[in-house]
Structure formats: structure tokens, C-alpha cells
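Here the structure is laid out as C-alpha cells; the discussion comes afterwards.
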Amino acid sequence: MAGTETHYTLPLPSFDRPVRLLIVVAPYYRDIADNMIAGARATAAEAGASVDLVEVPGALEIPTAIGMAARMADYDGFVAIGCVIRGETTHYDTVCNDSSRGITLLGLQGVCIGNGILTVENRQQAEVRADPADQNKGGGAAAAALHLVALSRKWATRTKGIGFRPQGESIRLAGDPEGTTQA
């Protein structure tokens with residue numbers, strides 16, 4: 001049973017310059033969303049990050065809004081917040097899979113996102129996961145975004161090993177009879 005398990009949580013990263021997060025929330029279940037927002041805001045504040053919030057109609061719109069903001073706004077990271085409770089149709093599977101896939105694709109492009117979209121069987125599971133005093137999945141999503149921002153900043157300063165050869169280093173080109181050509 002998940003309630004009896006203990007899990008390790010990474011300590012929050014520290015930052016030498018301000019971090020701006022955007023929480024993108026689908027408030028379909030307003031009370032669940034509000035709890036998750038509270039957890040995300042508290043975690044962001046603990047790390048010294050500032051937070052803005054936008055609402056979208058549903059979980060399927062969260063990746064689109066994050067993608068737009070990543071291209072057009074000035075945020076370091078994003079927190080996706082929503083809740084999908086299984087119903088009587090396969091729409092649940094579509095919403096869960098496609099919202100997750102959209103967030104994953106953005107992440108693979110380098111967007112720093114903490115995924116806090118709950119996918120649960122019933123309201124009770126959602127309430128426990130959303131509660132900042134219980135599983136605090138909103139806070140966990142904010143922490144994930146902050147960790148990715150820290151990694152992004154760490155790796156953004158790299159100047160070696162990113163595809164450039166030092167001046168004068170030889171490389172082998174196809175069709176070169178001598179085997180090397182000056183770079």
C-alpha cells in the first residue's frame with residue numbers, strides 16, 4: 001500500500017539568481033487544484049522562487065499553454081497542475097496519456113516542467129495526493145521543476161565538449177585520401 005511506504009526526497013536546490021515559475025492549472029476540480037497550488041506555491045517560496053499562475057480549461061490544454069509560455073514569455077520553469085479522475089468512458093485514458101505525452105515532449109526539448117497532473121481512480125485518492133499536509137503532489141511538482149531549472153543553469157555554463165574542436169585539431173572526412181583535414 002502506497003500510504004505505508006517511505007520515499008526519499010531530494011533537498012531543494014539553491015539559486016544564485018532569482019527563479020521565475022509559471023503554474024499552469026486546469027481547475028476542473030477546484031478544491032483539488034487549490035490544494036495543489038498551495039503546495040506548489042509553498043515549495044517555490046521555500047526555494048526563493050517567484051510564481052505566476054494561469055488557468056486553462058482542462059488537462060489537455062496544459063502542455064499547449066506551457067509550450068506557448070516557453071516560447072513567448074520569460075519563465076525558468078513550469079508546474080503543471082490538474083486532476084483527472086477515472087469516469088465511465090475511455091476519455092480518461094486519452095486525457096491522461098495525451099497530457100502526459102505533451103509534457104514529456106516539451107521536457108525532452110529542454111523545457112523545465114514539474115508534472116503535477118493527478119491521474120486517479122476516485123476523488124478520495126485525489127484529495128490525499130493534493131493535500132499539502134499529506135502527499136503534497138503540487139509541492140512535489142514545483143520541486144521537480146526547480147531541480148530541472150538548477151540542472152539547466154548548471155549545464156548552460158558548459159563551454160567544453162559541446163561539439164566544437166579546438167583550433168588545429170584534425171578530423172577525418174569521407175573521401176579524404178590523406179585521412180585527415182585541418183578543422
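Source: prediction; values computed, not measured.
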Quick check: closest heavy atoms across Ala47 and Pro13, and the distance to 0.1 Å?
CB-O, 4.3 Å
Verify same cluster id: Trp155, Leu148 (apolar side-chain graph, 4.5 Å):
yes
What are the two closest non-hydrogen atoms of Gly58 and Ala26, and how far apart are they?
C-CB, 3.3 Å
Residue pairs fulfilling side chain to side chain donor-acceptor pair (under 3.5 Å) with at least one residue in residues 102-120, sequence neighbours excluded:
none
Should Ile117 and Leu22 be regarded as members of a common hydrophobic cluster, given that ILVMFWY residues are connected when their side-chain heavy atoms come within less than 4.5 Å of each other, either directly or indirectly?
yes
Heavy atoms of Leu53 and Glu55 approach each other most closely as CD2-CG, 4.1 Å
Going from CG on Leu10 to NE2 on His147, what distance comes out if it is rounded to the nearest 0.5 angstrom?
4.5 Å
Applying the 4.5 Å side-chain criterion to the ILVMFWY set and letting contacts propagate, would Val79 and Leu106 be lumped into a single cluster?
no
Residues Arg123 and Asp31 bridged, charged N to O under 4.0 Å:
yes
With a cut-off of 6.0 Å (strictly less than), are more than 12 heavy atoms of other residues, nucleotides or ligands near OH of Tyr92?
yes
Nearest-0.5 Å distance, CD1 of residue Ile66 to CE of residue Met68
11.5 Å
How close do Val56 and Pro27 get, heavy atom to heavy atom, and via which atoms?
O-CD, 3.3 Å
Taking every heavy atom of Pro132 against every heavy atom of Gly39, the minimum-distance pair comes out as CG-N, 4.0 Å
Any heavy-atom pair between the side chains of Leu60 and Ile62 that's under 4.5 Å?
no
When rounded to the nearest 0.5 Å, the distance separating SG of Cys96 from NE2 of His91 is 9.5 Å
Please confirm whether the backbone N or O of Glu127 pairs with a side-chain atom of Asp131, one donor and one acceptor, at under 3.5 Å?
no
Can you find a pair of side-chain heavy atoms, one from Leu21 and one from Phe78, that are under 4.5 Å apart?
no
Distance from Lys137 atom NZ to Cys83 atom SG, nearest 0.5 Å?
13.0 Å
For the pair Arg41 and Glu46, find out whether any cationic side-chain nitrogen is under 4.0 Å from an anionic carboxylate oxygen.
no
Do Arg20 and Asp74 come close enough that some side-chain heavy atom pair is under 4.5 Å?
yes
Out of curiosity, does Val24 fall in the hydrophobic cluster containing Tyr29 (side-chain heavy atoms, cut-off under 4.5 Å, transitive links)?
no
Would you check if Leu118 and Val84 make a side-chain contact, meaning some heavy-atom pair closer than 4.5 Å?
no
State, yes or no, whether a side-chain contact exists between Asp52 and Tyr75 at a heavy-atom distance under 4.5 Å.
yes
Return yes when atom CD of Glu121 has more than 12 non-hydrogen atoms of other residues, nucleotides or ligands closer than 6.0 Å, and no otherwise.
yes
Hey, what do you get for CG (Asp98) to CD1 (Ile103), rounding to the nearest 0.5 Å?
11.5 Å
With clusters defined by side-chain heavy atoms of hydrophobic residues (ILVMFWY) lying less than 4.5 Å apart, directly or transitively, does Ile37 cluster with Ile32?
yes
Side-chain heavy atoms of Thr43 within contact of Asn136, under 4.5 Å
yes
Under-4.0 Å salt bridge between Arg129 and Asp134
no
Does Asp76 come within less than 4.0 Å of Arg153, counting only side-chain N to carboxylate O?
yes
Would you say the side chain of Met36 lies within less than 4.5 Å of the side chain of Ile23, judging by non-hydrogen atoms?
no
